[in-house]
Each structure stands twice: as structure tokens, then as C-alpha cells.
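Order of the sequence lines fixes the chain letters, A, B, ..., with proteins taken first and strands second; residue numbering starts at 1 for each chain.
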Amino acid sequence: MRQLKRIATRFAAGLGVLWGAATLSFVALHVTAGDAALATVAGDGANPTQAVLDRVRADYGLDQPLWQQYLGYLGRLLQGDLGESYQQRVPVASAIGEQLGETVQLALSAALVAVVLAVGTAVLTARRRPWIRSAASGTELVLTSFPTFVLGLVLLIVFSFQAGWFPVSGNDGVSALVLPTFTLALPIAATLSQVLRTELEEVLEQPFILTARSRGMRDAAVRLRHALRHALIQIVTMSGFVIGGLLGGAVITETLFVRRGVGQLMLTATTTKDIPLVLGVVLFAAAVYVVVNLVVDIVYGLIDPRVVTA
Amino acid sequence: MRFLLSTRLLAATVAIGALAACGSSGGTTPASADASSRTAGDVLNGKGSPVAGGILNLSMSADPLCLDPHAISSDVEQIFGRILTDNLVYLDTDGNPGPWLAEKWEISADGKVYTFHLRQGVTFSDGAVFDAAAVVANFEHMLDPDTRSPLAGPYIAPYESSRIVDPYTLEVTLKQPYTPFLDVLAQGWLGLLSPKAIKESTPAQLCEKPVGSGPFVLTGYTKTQGATFAKRAGYDWGPPQLGYSGAAHLDGINVSWVGQDAVRFNSLVSNQYQATGYVPAQNAAAVKTDPNLVYSNVNRIGLPYTIEFNTSRAPFDDLAIRQAFVSAVDREALVKTVGFGERQLATSFVDRVTKYYDPEVKLRGHDLKQANELLDKAGWTGRDAEGYRTKDGKTLLVQWPVAQTATISPIFDLVQAQVKAVGIKVNVELLPSAQLTTRRYNGDYDLSAGVWHTNTPDVLYIKYATFSIPNEKRLGQNTSRISDAQLDGWLEEARRTGDKAKLAELYGKSQQRLAELVPGFPVYDNSVLWAFSAKLHDVVVDTSHGTPYFAYSWLEK
């Protein structure tokens, strides 16, 4: 019962987050300087007639007062209508939908690589000789503080321009996925691994580890079977951070490697003030956050009942 | 045929010797080219007998997110237009309108009625027949506000009505005489689409699947990733001036959007793509010396890259301040830095390859002494704490809003530093493109910069006629907001006359008048940099846009 009530509250809060995200973005997009109708048809190199501009304003209700536009937007949103992209002239849902598959593919493979790398590094380096630890955490520090763009470019120069192992760009096949995946995964893996190692080291100090060792258990087994189990809960806690890193990093990674995807879509939509499309992507990102956090909450409650009773 | 002859003559000259050599079957001689050595109509890497088959992988810069040529202003259409569509008119190597799908035409004495005699036997790839009704459907599509045409529609704005005399004779009536009409009909953005596709598609559908009569057919389009084109079997109606016939040799063209300069350059060198429509200027030197690549740098008809003053408000409403600013700028230094040796210093308000370009125009040179004298005389004699000039306690400050992009041109900072020497303060503001567009149309800036590429000297009307100043009723491209009755008179008269001697006189006088009015200062001629693999042959330099024309290209096995 308590569990159900908790989930219901979280769900309501999630809806509130979505509404807040939609409203804030709506206001931010409309009040910042720049005429959306002009941006849609009269950008650099375009010389449209006034009739075209008037038609766009009328088509998208941009000639109405802002509160009316806002209520209209919320009304359509409640019916599940995200509107039409100003630039592409297709429904926002399908504009996002046709880019989504590639981003999901990239995000999942990056998440997988990040977790495997982080777990591997943490297990291998926790409570090891100082030089091993400092080498690992030094590398991690460099990777987390490296801008994604620079990291991607370095990988490109080394493995693509020089070695020629992977294609420079595109969406064709697995080999084109390798460099973008690592660009996206490495900074996330570095942070996760730092957190995980600290956690592991704490666990490895616990009395039950000593007990296990005194039973004659080998070091590898102690680390994997006992310590890692406890430390892994941190990964669940960190999943919000991971999702954030994946979504934010996707914009840069997709642009750099010229991959199609939601990230690229967001970038073009923002610079051209394609309001419905930007709102659509913001809502999508917010929904992903909300859902992931909800799932984490539920899972957490199952793993560790203290969370519920506390 | 005349065209082929001229190519052979060119090939015989020493200057183009290297070009011909790189076309040998080995394809290993470096294709060296100085700034703008190519001219419209050249056939590049043209030796050998064509081999059928193969796919050309082509990298482009940015996806316009719509491939209906009438609905976009993206320069992609300069290349795509020639792949997918045909036009009524094709310019000859001298920039004169010549036949294509319109075999000939007559123009009424008052310049308002054009009678086109159309080519027979042409079909669109969806089976629709090319005839007079098809042309009418295209004009109406370009002008329909629902198409949101940013270029094609506005270029034929004087269009009034059409009368179909017989299926292959079309009489077009204009609201007023408009000499550039034939020129603009040759542009990629005015390529002709299937009337059936126009009728049966929504604007968004036509964006995703435009249907033309060109040498290739669009077979796939994945937004932000790429587009694929397949050879159109039975195509045999290319521009007669080119002297080619029949269908394409290539089986198809696969296009990818590659936005990053470094990535586009490296993927060309590694032969992932056999051609790119956009060589980054900073990589041109490397591309030029690569024996496996053929490089092309072609000047384009239209406005050079020009920095313009907003003459409608202080301080640049004062001619003396504009003159002083130009005198303070070292244009040659600018071109050297931003052009990487690939751009030519502009010498007039039209690019030197524009018809009726006047080589006698004298633009102001770099002269700091004169700049200081002009500013002193204009009363800007005080100095503020930072050393900038003041008048009545106000600093001589100019606002320069520019687009915030991944790679911002160093030209803004260079100009800022140059005019600081005479005490002018330039504030460069980085803005998102949506904001920049809004400020441009609202007249809220002191400096602006850009090119305007079209294929007619009428670019001067588009850029400097009073009619082209944006206001509440009308958009327009006169960003300098210069308004001069004499200039207006000449530019309007040039739109009404077909007499070449008269046109030369009118456009010549207009260019000289602009040099006196100083609405801005042209910096470098607008050229387009592209390159392709030495294994690709018979790539034609398009006469309207200076871009590659692949209809008759073939890939060596």
C-alpha cells in the first residue's frame, strides 16, 4: 500500500515536471528576441514575399496574443498533438520519431560500454597499489573534464583519419557506431568508475569481507561476488546522471559524427527557432527523465525496503 | 558545339595545361589551380571515353530538410537542381540565356509577353508529360504562398498570367517588363517539377519526394543523413550547349550531409566520397596538391562578399563616416587572412564574372590619414578614456550583430581591430540566427555582411534599389537601406530594356554610382570551392552557379 501510494505521488510529480518543462520552454522560446515566422522563411539567403510571411504567421497562430497561443498549445498537447514543425512542415511526433531509432541505438550502446568499462575499471583498481589507483583516477579525471567535442575529434583523428579503422561519419553499420559510442561513453564511464571505486573501497573495509576472506575466498571472488553486489546499487542511483549525460552528449556526438538523431534535430530546431519542434524534444527528454526516475524509485524500493519505510 | 570548341581551345593554352594533364587516364598529375582559374562552362578532367556504371558518393554541407527546389533557398539546389530537374533556359558561357527545355522564344516589343516554344518528347520520371500546362503548374507552385518560396517565387514576382497557345507553345505575360526573367529561369531553384507530383502532394510531401525530368531520379531521402539518386533511363534532353546527349553514365549518386569541415575534408581525401560540393577554404591548399583530387574554385555571378553600412541611421547616414570607415579598412589584408589564398579581392559591387561587370570602377583604398581627416571634419574630434573618437560626449560606436555558429569568421574581429586605429569602436554581437534575421529586417544594426548569389546583374536591384528596403509591407534585401533616385532610375530601366549596349551602360553607371554612395564595401569575390576524385571525369562547371554538374560524368573503373 505504502509502495503504491509512493509511486502514485511520484507519478503525479512527474506530470508536474512535464507541464513545467513545457511551460518554461514555451515562455523562454517566445519571449526571447527573434521573430519565429521570419526565422522560418526569411533566414540567410532567402528573399520571400510579404504574402509568404503573413501566411506563415496565420498558419501557426503567431499573430495571436501569447496567452492565447499558450492555451492553444496546452489544449493540443492534452489531446496528444505536439504540433507541426515550422521548418519541416511535418508533425513534430513524426519528425522526432524518424530520428529516434538512431539516438536510442547510440545511447544504449554507449550506456552498455560505459557501465562495462566503469565496473571493470573499478573492480580492477579498487584498493590496489597507489600508482595503479592514481593512474586510473587520473585518466578518469582527464576524461570527465574533456569537452565531448574535443574527445570525439581526438578519437576521429587517431582512429579514423590516421589509422583508418573506422569511417569518419555516417550511420552505416556497426563500424560507424564505434567511435560515437566511445565518445559518448568515456566521460560517463569515467565518472561512474570513480563513484563505484570509492563505494567498492568502502565495502571492502566492511567486516563481512574480512569474514569472506578468512573463509579462504580468493580476492577476485570477494570483489565480484560480495563487494560488487553492494556497490552496484550506486549505478542505479547514478542512472539519472547517466541519462543526462547520454542526452546532452548525443547533441554533440551526433553533430560531430554527422549521425542522424534527436540531438542533431534539437540543434537545428533551436537555431532556427522551430518552436514546436524544440518543445517536442524538450518534452521528450523530460519524459525520459521522469520515466527513468520513476523506474529507479520502484526498483530501489524493491532492492532496499528501507527507502520505503524511511 | 561552340562550347566544346572553346573548351578545346582553352585546353591548348598553357594556363590550363595542368588541367588537361590531370585528365589523362592515369589521373596522377596534380591538378593545380590558382584562385578562380576555372570558369563557367569548363569541362573538368574530361579526357578518355566514358564508362557506364558506378555510384558517385558526394558529400554536401547541410541538409535543407526539404528538397522541393521551389520551397527552399539552400545552395544545395545549385547542385541538386542539375541532378533532379531541367530548366526552360540554360546560360551560355557568356552568361546569355540559351535554350534547354524551351527551344526558342520571342519577346514582345514592350518586354511584357514571352512566347516559349517548348521541346517535345520530354517526360517527368513519374510519367507526366512536359508541356505548356506543366510549365504553368510550376509557375503557380512557385508563387503559391503555401509553397513558402524564398527564392523561386520572388525571382518571378513580375509574373502575371499564362496562355496555353497549343500544348508546346506558352505565352507568359508579366506585370511589367523584366529583363532578368530569362536568366533566373536557368537557376537550380527554378528547376521544373512534375505537374502531377505538384498537384497530388502536400508541400511537406513534395519536400520529401520532388519529381523532376532530370538525368537522375530521387530514390531515397533520409533527413539529416542523405539522399540517393538513380540514373533516369531514356533521358536525352540535357542543355544543348553542353554538346552531350543521352542518359547519365553513372548508375546513381549517393549524397551525405557532412557538416563538419574537418570531417568533410578527411572523408574526401580517404575516398569515402568521390566528390564534395564544399571544400573548406582552409583545406584548399591540401586538396590542390593532392594528386588524386581535382580541385575547382569558381567565381560566381552576383554580389561579392560585402560589408554593408546601415545608411538609415547614425552614424552611417553620414557619407563622410562611411568613407572614413572604408579608408580605415585594409581589404587586401582581410582577403589574405580569411581567404587562405583562395579568394580574389573584389573590385566592384558585382563579382567580376557577372555580365556587365565594370572593371573601371574605383573603390576607395586603404588610407588611414584620409580616414582621420574625414572623421575630424565630421566633428568626431574628442577622445574617450579608451581612445575612441567622441562627438558631443558620445563615442563613435557601431553595432555589428553576427550569427553565432560553430566557426565564426575572423573577419569581424579583423575589421574591428583595423578601424580601432582611427578611433571607431565596433561592437561585434554574436546572436542566434533567428535573432539576427529579426534585427536585419527591423533595421537594428550598423554593419552587416554577406553575399548574394544569383545569375544576373539584376542583383544590384535586389541589393540596392529603394524598392528592396524592408518595411512593414514588404521584405527585401537592401540591407544597406541606401536610397538614391539616380541609381533607382538606372536599375529600373535595366529591368525594362533588352538592348545589350544600353544594359552595359546602365549597369556600368550603377556600379560607379555605388562606389560614390558607399553603401558598403565589397571584400572578396564570391567563389565556390569544390573537388572530386581524379577517377571521376567530365564534370561540367555550371554556368549559372559555378557548381559541379554531374549529368555526364563517369567513373573510371
Pick one of side chain, backbone, both or neither for B:K473, based on which atoms fall under 4.5 Å of a heavy atom in chain A. backbone

Should the pair B:R264 and B:Y273 be classed as cation-pi, given the thresholds of under 6.0 Å to the six-membered ring centre and 45° from the axis? no

Okay, A:T40 and chain B: the region with an atom under 4.5 Å from a heavy atom over there is side chain

Pick from A:N47, A:V52, A:D35, A:V41 with the largest number of heavy-atom pairs that fall under 4.5 Å of chain B: A:N47

Sort B:S74 into side chain, backbone, both or neither according to what part of it lies under 4.5 angstrom from a heavy atom of chain A. neither

Counting only non-hydrogen atoms closer than 4.5 Å, does A:L38 touch chain B with its backbone (N, CA, C, O), its side chain (CB onward), both, or neither? both

Checking heavy atoms, do the side chain of A:E254, its backbone, both or neither come under 4.5 Å from chain B? neither

Chain B heavy atoms under 4.5 Å from A:D54: which part of the residue, side chain, backbone, both or neither? neither

Options B:Q205, B:E208, B:R440, ranked by heavy-atom pairs under 4.5 Å with chain A, top entry: B:R440

Does one side chain, of B:S433 or A:K273, offer a donor that lies under 3.5 Å from an acceptor on the other? no

If you count heavy-atom pairs within less than 4.5 Å of chain B, which of A:A51, A:A42, A:A95, A:A39 leads? A:A42

Would you say that more than 12 heavy atoms from the other residues, nucleotides or ligands in this model lie under 6.0 Å from the CG of B:N442, or not? yes

Is there a side-chain contact (heavy atoms from CB on, under 4.5 Å) between A:T181 and A:L106 once you walk through the steps? CA-CA 6 Å; A:T181 296; A:L106 176 65; 4.0 Å; yes

Tell me whether the count of non-hydrogen atoms from other residues, nucleotides or ligands lying under 6.0 Å of CZ in A:F182 goes above 12. no

Side-chain donor-acceptor pair under 3.5 Å between B:Y155 and B:T454, yes or no? yes

Does any backbone or side-chain atom of B:D75 lie under 4.5 Å from a heavy atom of chain A? Answer side chain, backbone, both or neither. neither

If the plane angle is over 60° it's perpendicular, under 30° parallel, otherwise tilted; pick one for B:H545 and B:W189. perpendicular

